[in-house]
Amino acid sequence: MPDSTIKNIIKRGEEALKKDFQPIPATAMLEYVRTGNRVHYERLSFVKRNMLWDMVLAEAAEGKGRFVDHIIDGVWSTCEETYWGLPVHLTIQKAGTGLADVEDPTVDLFSAETGAILSWTDYFVGDKLQKVSPLLRPRIYYEVNRRIFTPMQTAKYEWMGGGNPNAKLNNWAPWIASNYLTAALLLEKSTPKRVDAVNRCIKITDQYIDGLGTDGGCDEGPIYWFAAGASVFDILNLLDDATAGKINIYADPFVKKIGAYIYKTHIGGSYFINVADAHPKIEVDGPMIYRFGKLANDEQMMRFGSWATYNAPLHETEVETFRRTRRLYNLFAPEPIKKYTEPYHDQTDVWFDDVQLMSSRSVNGLFIAAHGGTNGESHNHNDVGDFIVYADNQPVIIDVGTGTYTARTFGKQRYDLWFNTSAYHNTPTINNNEQKDGVKFAASDVNYQTDKNHSSLSMNIKNSYAENAGITYWQRNVDMIKSGKISVTDKYELSTAKSITQTFMTVCPADITHAGKIYFTLPDSKTITLDYDAATWDVKKEKMPLDSPEDQGLKTSWDHQDIYRILLTNKKNAAKATVNYTIYK
């Protein structure tokens with residue numbers, strides 16, 4: 001590795017050396033069921049693991065022994081914890097949420113992460129731990145075996161399908177499997193047990209891949225791709241490395257499709273298409289993307305990884321730093337990336353048939369993305385027919401995204417959170433009906449077309465609303481006219497017409513004082529115009545208050561800009577009509 005990389009590793013280890021490993025009190029775990037807050041517990045847990053990891057790498061790089069005693073403190077403190085996962089995930093245990101049942105260890109995202117960290121600790125500095133006490137390395141194995149290896153031998157967790165080999169899995173499956181595989185390869189000395197664990201990881205990964213559509217799209221959005229599709233790569237990378245190339249499937253065309261998703265959803269700068277619970281801006285793991293592209297023989301992915309390394313880099317954080325095995329391999333990527341100077345250019349037109357997502361760019365810097373899909377996707381928002389518009393890589397009409405995770409985020413109150421509902425996406429509210437959640441609430445008659453002049457997506461969004469909404473059909477067509485104009489057309493027929501409204505969400509200062517026009521002002525003071533029929537619509541604007549615990553994450557996502565909802569209310573409430581919105585510079 002370059003000297004600069006080694007110096008940085010040692011510097012981070014020295015910073016960790018100054019801090020104490022804090023215990024995690026029972027009341028911190030109980031806070032989740034008492035108030036819904038999960039952040040305080042997460043911070044205590046994640047910071048401890050980051051400290052341990054930083055010192056293990058520093059000791060491995062420096063080799064002078066000065067980090068060993070504090071590494072031991074970290075190992076002991078971690079092994080003494082009752083539960084390695086998060087309080088929110090205690091639903092996996094028979095006792096449910098509250099305090100953890102020490103007799104029922106279960107495997108979630110962060111218990112698996114912890115198992116991998118301790119396994120790398122044993123691998124890198126185990127001999128030094130042994131010299132201090134012969135009890136340290138056996139303790140590491142005892143805890144990882146008890147909390148990870150043993151439960152996984154009989155596990156039928158929901159995240160792995162609950163025993164159903166045909167169940168569609170989400171990012172938990174490859175994310176956990178990558179850490180489980182790491183621990184099994186490094187720590188399990190019994191060959192039959194190690195082989196069994198590797199086979200389980202392969203089956204979990206197969207099942208996750210089988211649940212993807214034909215284009216390898218990630219319905220959880222780009223930010224979760226780093227935990228999902230990229231974790232598939234982590235697993236393939238480990239299997240390739242551990243078998244000296246005998247298990248190598250990078251050349252499979254579908255693996256290449258899984259990787260391509262991340263650069264195909266890029267808008268510009270740090271902005272990505274943020275469907276579902278994805279955030280609009282992402283710090284990108286460029287070295288991993290470059291490595292994935294090189295091994296999958298995808299030049300475009302290599303170019304994007306190289307570009308991202310220098311233009312949208314992943315910064316180390318004090319709290320949320322995960323997937324350490326990936327980061328280890330990344331340490332050796334900077335030098336090859338420096339020598340790779342091929343320029344990167346974003347995709348002009350993109351279509352994912354499996355998740356029904358399209359995007360297109362005009363010659364003058366307009367960008368649109370739109371999607372159909374269902375309201376039963378992983379990390380779902382009720383947003384069938386939603387679209388977003390950017391200009392010169394700046395947001396104009398937005399998908400707000402998700403806020404801070406609390407007890408409500410994944411509970412019965414999920415759709416009490418405004419930003420998960422269709423009334424706060426760029427979709428219509430029909431006869432006072434918002435869209436419903438569930439797989440059956442989906443787009444139909446979806447059709448994508450593209451040529452040198454247009455890219456368009458049309459769909460019937462009727463079935464994303466309840467039957468009693470009174471919708472005969474609602475055909476939405478989103479069209480990028482590549483010379484520099486966006487057209488959104490709704491053609492509909494209702495059995496009854498009581499009220500019709502259309503929402504536009506934005507972070508731009510928006511002038512609605514001119515009949516038939518909405519002017520969105522970009523940060524450079526340039527203006528984007530949206531035309532609507534003033535004879536058909538009344539318009540009003542409201543600023544979102546952003547005062548709930550969940551709203552706080554939205555402030556960070558949008559760089560503390562105000563978020564506005566612009567609402568068009570139909571004056572005529574005609575039972576049958578065609579309405580159009582045109583967006584241009």
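Since we're looking at a predicted model, the values are computed, not measured. Values below: every heavy atom of this structure, side chains too, minus hydrogens, waters and symmetry copies.
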Using a strict cut-off of less than 4.0 Å between a Lys/Arg side-chain nitrogen and an Asp/Glu carboxylate oxygen, indicate whether [X] and [Y] qualify as a salt bridge.
X	Y	value
R146	E143	yes
R200	D196	yes
E113	R49	no
E81	R147	no
R327	D285	no

Can you tell me how the ring of H89 sits relative to the ring of W172, calling it parallel under 30°, perpendicular over 60° and tilted otherwise?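 H89 vs W172 ring planes: perpendicular.
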Atom [atom1] of residue position [X] - does it have more than 12 heavy atoms of other residues, nucleotides or ligands inside 6.0 Å?
X	atom1	result
K189	NZ	yes
K436	NZ	no
E158	CD	no
Y123	OH	no
E103	CD	no
K168	NZ	yes

[X] [atom1] to [Y] [atom2] distance, which is reported to the nearest 0.5 Å:
X	Y	atom1	atom2	result
E14	I9	CD	CD1	12.0 Å
N179	T114	CG	OG1	8.5 Å
T309	F304	OG1	CZ	9.5 Å
T556	K281	OG1	NZ	11.0 Å
F272	T265	CZ	OG1	6.0 Å

Between [X] and [Y], is any side-chain donor less than 3.5 angstrom from a side-chain acceptor?
X	Y	result
Q93	Y83	no
N420	H381	yes
T5	N8	no
S111	D108	yes
T404	Q552	no
D298	Y263	yes
T325	T182	yes
T402	D277	yes
H40	E31	yes
D551	W418	yes
T406	E550	yes

Which residues pass the ring-ring contact (aromatic ring centres under 6.0 Å, His included) test with F419, sequence neighbours left out?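 None.
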Taking the six-membered ring for Trp, are F410 and Y405 closer than 6.0 Å centroid to centroid?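 Judged by ring-centre distance (under 6.0 Å), F410 and Y405 do meet the cut-off.
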Can the ring centroids of F46 and F110 be said to lie less than 6.0 angstrom from one another?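 Judged by ring-centre distance (under 6.0 Å), F46 and F110 do meet the cut-off.
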For N170 and Y224: C-alpha separation, side-chain torsions, deciding distance, then whether side-chain hydrogen bond (donor to acceptor under 3.5 Å, both in side chains) applies. CA-CA 9 Å; N170 67 9; Y224 276 100; over 6 Å; no
Non-hydrogen side-chain atoms of V75 and R139 separated by less than 4.5 Å: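 No - every pair of side-chain heavy atoms lies 4.5 Å or more apart.
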Would you mind reporting whether I92 and Y157 have side-chain heavy atoms less than 4.5 Å apart?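 Yes, at least one pair of side-chain atoms sits under 4.5 Å.
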Face-on cation placement of K48 at F21 ring, 6.0 Å and 45° thresholds: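 No; the conditions do not both hold, so K48 does not lie above the ring face of F21.
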Could you check whether R324 makes a cation-pi contact with W120, meaning its NZ or CZ is under 6.0 Å from the centre of the six-membered ring and within 45° of the ring axis?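 That pair does not qualify as a cation-pi contact.
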Test H266 against W307 for ring pair (Phe, Tyr, Trp, His ring centres under 6.0 Å), laying out the working first. CA-CA 12 Å; H266 182 240; W307 174 88; 5.0 Å; yes
Could I get the full list of side-chain contact (heavy atoms from CB on, under 4.5 Å) partners for V355, not counting sequence neighbours?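 Counting only residues at least two positions away or on another chain, V355 forms a side-chain contact (heavy atoms from CB on, under 4.5 Å) with D219, F352, L357.
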